[in-house]
Amino acid sequence: MSEKENKNLSALASVRNVGIIAHIDAGKTTLTEHFLFYTGKNYKVGEVDSGNTVMDYLEEERKRGITIVSAAATFEWNLKNSRHMMHLIDTPGHIDFTAEVERSLRVIDGAIVIFSAVEGVQAQSEKVWVQSDSYNVSKMAFINKLDRSGASFTRVLEEIRMKFPSAAVVPLQIPDGHESELKSVIDLVTMKSLYFEGENGEKVSQREIPANFAEKATAARKDMLDRLANISEAILELCLEEKEVGEDILREEIRKLVIGRKLVPVFCGAAKKNIGVQPILDAIAYYFPSPLDMRTITGHNPKTQEEITVSIEDKAFCGLVFKVVAGDSADLIYMRTYSGLIHPNEAVLNSRTGEKVRIKRLLRLYASNVESEEEVGPGDIIGVIGPSNTFTGDTLCAVNRPVALESIHFPEPIMSLAIEPKSSKDKDRLETCLGLLVREDPTFYFKKNESTGQVILSGMGELHLEIKTNRILKDYNLQARIGLPQVAFRETFRSPAETTGTFNRMMGEQFYSANARISFEPVPKLPGGIEVISEVKTKGTNIPEDWISSAKETLLNGLKTGGNWGYPLIYIRAKILDVSSADSKTAAGAISAAVLDAIQKAFSSGTIILEPIVRIDIVCPENFIGEISGYLQSKRAVINHIGSISNMKQLICEVPLSEMFGFSKSLPKISSGRAAFSMEPCGYQEISSADLERISQRNIDLSTSKYSH
């Protein structure tokens, strides 16, 4: 390895790839804007309420005061005279934009999970925590908004521990005061009080812990050490010997535990009031992994499927595309690099398509702004201009070393609406702009209804589709008629079934025959929706492996295509019990045809229609809870919980998605604008024939009589 390459690798020790994840309105963008200000990337603190944030740069984001697309920024932070380069991704908190969270988690090494000190662990907080676990991302928690009325550090801390027991949740700070009395945060590692002074809290001063807080701080530090001793042998040994646990050994052990995902350290403050932000930047540098700590990633050869380990020391370039911002002339591609060096005008291979593509420009990302780079090494998050026919989840790699990294998997859309241009001359323009939107968003689909001529858009929810249609109308200046949303139904088998499919046909001069015996079992709430299993033993038999591979692929795709009512199937475990042929030379295609015949025969045993249901989490003043619960019960809701959070009431229920259209506008009227809610998909349930007829008739009435724009 050359001296230059060694230098590049050693520099990686100070690189951090970090994401901010949380429920909507927990303070993600506010924290990010303070990061940019304190690191000198911005001359003032952007405010969500004022619509002048750097990271929420889209017009829709600033108008609504929410994050819609993930934005990346690179900045440096000085910790004890050591410069740390941080690549930060700010993600949306609304469930409709979960794809933005999914793709960000795929490429970061550490995540800051923000919790509101008032609302605590909310629905999307749970969702993003579980998502981060699935990608093996190290985490730290920040309990924000401790200056607000009803804030409680202790309550939220216990709630985090209760909801997420897989790792030790240990505070490294406690607040000095709550609500309007919040003055500072007490650092339990250094046992100092941290005060944030100046117009924007830019000056951090360390002071002795106030006398009235000394006892509480001492008890909190002891609790911290006890909890760390349970998972760190080094700290346990010092505690047993009754020796002082110094700052250096504490930081070293905490870093190991965070990287090993055994520990989630907890910090606290109020970002909007400039309290507690700089210690988070310090903690990122101290505790989060660098790319050197995540040295390898597994992929496979796209042709042979042989497993390949990509190491940060490899000279051959490899990077994963995790976001595409579509443009008329060229796309801006967001990429995480894992090995090798890359330069402008260099050719790389898209392992999905097998095509050589050229990198025209390398860009350092800063929300909607970019700066050119002449060389980028491993462990970086960058922007790329040039590669065509490139989508989210594609691997770009060295031409002489083909490798495909694990792609990014996204949930299926649950809601649709119809759109058609007002003028026939705009049909091609509509398809062009939809093509751009689909390239950007893997959870947004469109297809043409041949019988009506309308284009059907599908997405993750009402807000998701509203944002997309607004872009069509405003960004692309295209006049269109837009129908109201409709839900995506599914089917499943009414009861278990076992069928044998057959195929017997002359094809050319060859006769092909095949049989496939398959069992189908409905399994409510089956993870993944469909599970295909083969119980056919090929070892020591004359059954080729490609027969089984073909049968499994056909079975999976056949169930997704549609049942008796034309809806894709879900919640089914299908087992291939046997495949056979009178002619051992039969083609794999004949096996596939027999599988399709078995599926069609199974449909005759009967299927039922399922409708999507959502989990609603509402927080409101007590005097509105009765009216809200009554409204929801009229919408076929099943109320699972009514409890208290501080001085507010919380209601959690499950309700059919089809009943929730317009709920975001109805709730403020019912609660005089004082209720907040979150909604997330939680599966499917059988719909009665009466409800199906009512919903179908309503959709017909809406689609024929009510168009907007």
For [X] and [Y], does a side-chain donor sit closer than 3.5 Å to a side-chain acceptor?
X: Thr91; Y: Glu100; result: no
X: Lys139; Y: Ser132; result: yes
X: His300; Y: Glu307; result: no
X: Lys256; Y: Tyr287; result: no
X: Thr298; Y: Thr309; result: no
X: Arg83; Y: Ser14; result: no
X: Asp90; Y: Thr29; result: yes
X: Thr296; Y: Ser311; result: no

Handout entry: CA sep, side-chain torsions, deciding dist, call: His84, Asn78, side-chain hydrogen bond (donor to acceptor under 3.5 Å, both in side chains)
Key = CA-CA 6 Å; His84 286 76; Asn78 188 24; over 6 Å; no
Name the orientation class of the two ring planes belonging to Tyr334 and Phe322 (parallel below 30°, tilted from 30 to 60°, perpendicular beyond 60°).
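The rings of Tyr334 and Phe322 stand perpendicular, inter-plane angle above 60°.
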What is the ring orientation for Trp129 with Phe164, classed by angle as parallel under 30°, tilted 30 to 60°, or perpendicular over 60°?
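Rings of Trp129 and Phe164: parallel, under 30°.
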Inset, instruction - Indicate the atoms forming the closest heavy-atom contact of Ser592 with Thr554, along with that distance. - result: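 Minimum heavy-atom contact is OG-OG1, 2.9 Å.
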### Query
Which heavy-atom pair separates Val403 from Thr395 by the least distance, and what is that distance?
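That closest heavy-atom pairing would be O-CG2, 3.2 Å.
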Pairwise side-chain contact, [X] with [Y], heavy-atom cut-off 4.5 Å (strictly under):
X: Asn144; Y: Leu31; result: no
X: Leu365; Y: Ile382; result: no
X: Thr39; Y: Leu281; result: yes

inquiry  = Which residues pass the side-chain contact (heavy atoms from CB on, under 4.5 Å) test with Ala168, not counting sequence neighbours?
reply    =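 Applying side-chain contact (heavy atoms from CB on, under 4.5 Å) to Ala168 gives Val170, Ile231, Leu263.
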Exercise. Give the C-alpha distance, both sets of side-chain angles, the deciding distance and a yes or no for salt bridge (Lys or Arg N to Asp or Glu O under 4.0 Å) between Arg261 and Asp133.
Key: CA-CA 9 Å; Arg261 290 177 285 107; Asp133 278 345; over 6 Å; no
- Sorted by first residue and then second, give each salt bridge (Lys or Arg N to Asp or Glu O under 4.0 Å) pair with at least one member in residues 343-352; sequence neighbours left out.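 The answer is Arg352-Asp394.
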key: NZ or CZ of Arg16 within 45° of Phe288 ring axis and under 6.0 Å   =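 The answer is no, since Arg16 fails at least one limit relative to Phe288.
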Checklist line | Atom CG of Asn477: over 12 foreign heavy atoms under 6.0 Å | finding: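 No, the 6.0 Å shell around CG holds no more than 12 heavy atoms from other groups.
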Determine whether Glu440 and Lys323 satisfy the following criterion, salt bridge (Lys or Arg N to Asp or Glu O under 4.0 Å), listing intermediate values before the conclusion.
CA-CA 7 Å; Glu440 291 186 345; Lys323 181 178 171 71; over 6 Å; no
Is there a salt bridge (Lys or Arg N to Asp or Glu O under 4.0 Å) between Arg471 and Asp441? Walk through the geometry before answering. CA-CA 13 Å; Arg471 287 196 63 186; Asp441 188 345; over 6 Å; no
